[in-house]
Amino acid sequence: MNVSTSTLSLTVADVDASREFLTTHLGYQVAMAADGFASLTREDAAVDIVLLSRGTEVLPPEQRDQQAAGLILALTVTDLAAEEARLRAAGAPITMPLREEPWGERLFQLTDPNGVVVQLVEWVTPGTSSHTPDTDDTDDTRTEQEEAPAVHVISPSDEAVTVSPNATMTGLAAPSRGSAELSTWTVEMAAGATGPEHTISREQVWTVTAGSLEVTCDGRTEKVAAGQTVVLPPDLVRQVHAPEAAEAHVAMRADAHATVPGTEGTRTLPWAE
């Protein structure tokens, strides 16, 4: 078998929305288009994409009501960090922040309006060798180790501050600020402020550093005073209230996303990306 080209056909509810997403953010061009149909291409090695409207009679009857789900369109790129910065600046829906896997894969994900997940990938060149160094290269190895920082110090900055109607979050460790796995930030809430009900897909650890907070999780309310820590399990509805001015330090895995009851889709936490 000799494959000359590759095309991914996606059945979606809104062809125009996916076409706009792919042409605006990922550089695809429209090769052909008609009502309920679009053929997209790029000039590089990216796979061509055909978008078909759900219910179209072009498909066999047993496939017409199916919709693209459970798949990831993965594109390997160069300078992944620059692509992430470009897309974030453009307001693209980044639904999984930049992360690095133990096997050397760096990646982040976007999700288009029809729920199609696009994953941009870059493979990291291993920084260490598995061979035992000879006498001749011992000095070179030592020099590399001395130049590599043992720790990464992160200072709060104005660029990492997010102000909401209920709190001010200052991002500390995050994938965009030197952390590979964890995100940490501080929260400041005025007396009487109450955050919205929401769920988080990962466990969070809150340590109150000043004042006190009333944390309601899965229908149970706990008062957490300064110096105390509360662990919030994932995927349970929670809400945070400040009966007095309060500050807290929060930590969680960097790949978490939030969901607000009664709304569709998930949301990232800008201060934790």
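Numbering of residues begins at 1 and proceeds along the displayed sequence.
With hydrophobic clusters built from ILVMFWY side chains whose heavy atoms lie under 4.5 angstrom apart, V237 does not share a cluster with V260. Follow the hydrophobic side-chain contacts under 4.5 Å out from F108 and you never reach L182; the two are in separate clusters. No path of Ile, Leu, Val, Met, Phe, Trp and Tyr side chains, each step under 4.5 Å between heavy atoms, connects V117 with L10, placing them in separate hydrophobic clusters. Two different hydrophobic clusters hold L98 and I154 under the rule that ILVMFWY side chains link at heavy-atom gaps under 4.5 Å.
N114 contributes no side-chain N or O that, together with a main-chain N or O of V116, makes up a donor-acceptor pair within less than 3.5 Å. Panel note: side chain T24, backbone E20; a donor-acceptor pair is recorded below 3.5 Å. Of the possible polar contacts, one joining the R238 side chain to the P233 backbone as a donor-acceptor pair under 3.5 Å is found. Checked by atom type and distance alone, the side chain of Q239 pairs as donor or acceptor with a backbone atom of G195 at under 3.5 Å. Side-chain atoms of T216 never come within 3.5 Å of backbone atoms of G219 as a donor-acceptor pair (strictly under, hydrogens ignored).
A distance of 9.0 Å separates CG of L107 from CG of L120, quoted to the nearest 0.5 Å. Taking CD of E247 as the start and OG1 of T168 as the end, the distance is 10.0 Å to the nearest 0.5 Å. Interatomic distance, OG of S157 versus CG of L172, reported as 9.0 Å (0.5 Å rounding). Atom OG1 of T266 is separated from atom CE of M96 by 12.0 Å, given to the nearest 0.5 angstrom. Distance check: E273 CD to T268 OG1 gives 3.5 Å after rounding to the nearest 0.5 Å. In this structure, T11 OG1 and L51 CG are separated by 9.0 Å, a value rounded to the nearest 0.5 Å.
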Legend entry - Steps toward side chain to side chain contact (heavy atoms under 4.5 Å, CB included) verdict (Q119, E105): CA-CA 11 Å; Q119 181 168 293; E105 182 184 22; 3.7 Å; yes
Inset, instruction - Take Q29 and T41, measure what side-chain hydrogen bond (donor to acceptor under 3.5 Å, both in side chains) needs, and give me the verdict at the end. - result: CA-CA 5 Å; Q29 300 174 350; T41 188; over 6 Å; no
Legend entry - D218 and R220: CA distance, side-chain angles, deciding distance, salt bridge (charged side-chain N to carboxylate O under 4.0 Å, His left out) verdict: CA-CA 6 Å; D218 199 27; R220 177 180 174 180; over 6 Å; no
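In terms of heavy atoms, T111 sits closest to F21 at O-CE1, 4.2 Å. For S201 against A256, the heavy-atom pair with the smallest separation is OG-CA, 3.4 Å. When all heavy atoms of P156 and T170 are compared, the closest pair comes out as CB-CG2, 4.1 Å. Between A17 and P113 the shortest heavy-atom distance is CB-CB, 3.8 Å. Listed here is the closest heavy atom pair of V50 and S39: CG2-OG, 4.2 Å. Between S53 and A13, the shortest heavy-atom contact is OG-O, 4.4 Å.
Through side-chain heavy atoms spaced under 4.5 Å, either directly or across other Ile, Leu, Val, Met, Phe, Trp or Tyr residues, V187 is tied to M169, W185, M189, I200, W206, V208, L213, V215, V224, V230, L232, V240, V250, M252, L269, W271.
Using a 3.5 Å distance cut-off with no hydrogens or angles, the side chains of D235 and T199 do not pair a donor with an acceptor. Side-chain contact check for E101 and W103: no donor-acceptor pair (N or O, by modelled atom type) lies under 3.5 Å. With no hydrogens or angles considered, a side-chain donor-acceptor pair links E244 and S212 at under 3.5 Å. Side-chain contact of T95 with Q109: a donor-acceptor pair under 3.5 Å is absent, judged by distance alone.
V30 is listed as a side-chain neighbour of T23, based on a closest heavy-atom distance under 4.5 Å. P234 places a side-chain heavy atom less than 4.5 Å from the side chain of E203. In this structure, T207 and Q228 have side chains that are not in contact, with every pair of non-hydrogen atoms separated by 4.5 Å or more. F37 has its side chain within reach of L52: a pair of non-hydrogen atoms, C-beta onward, lies under 4.5 Å apart.
Look at E122 and R106 and you find a salt bridge, because one of the NZ, NE, NH1 or NH2 atoms lies within 4.0 Å of a carboxylate O, short of that distance. Here D44 pairs with R42 in a salt bridge; the nearest charged N to carboxylate O distance falls below 4.0 Å.
Residues forming a ring-ring contact (aromatic ring centres under 6.0 Å, His included) with H257 (at least two apart in sequence, or on another chain): none.
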Can you give me every donor-acceptor pair (side chain of residues 69-83, partner residue at least two apart or in another chain, under 3.5 Å) with its distance?
{"residue": "D79", "atom": "OD1", "partner": "A82", "partner atom": "N", "Å": "3.3"}
{"residue": "E83", "atom": "OE1", "partner": "R86", "partner atom": "NE", "Å": "3.1"}
{"residue": "E83", "atom": "OE1", "partner": "R86", "partner atom": "NH2", "Å": "2.8"}

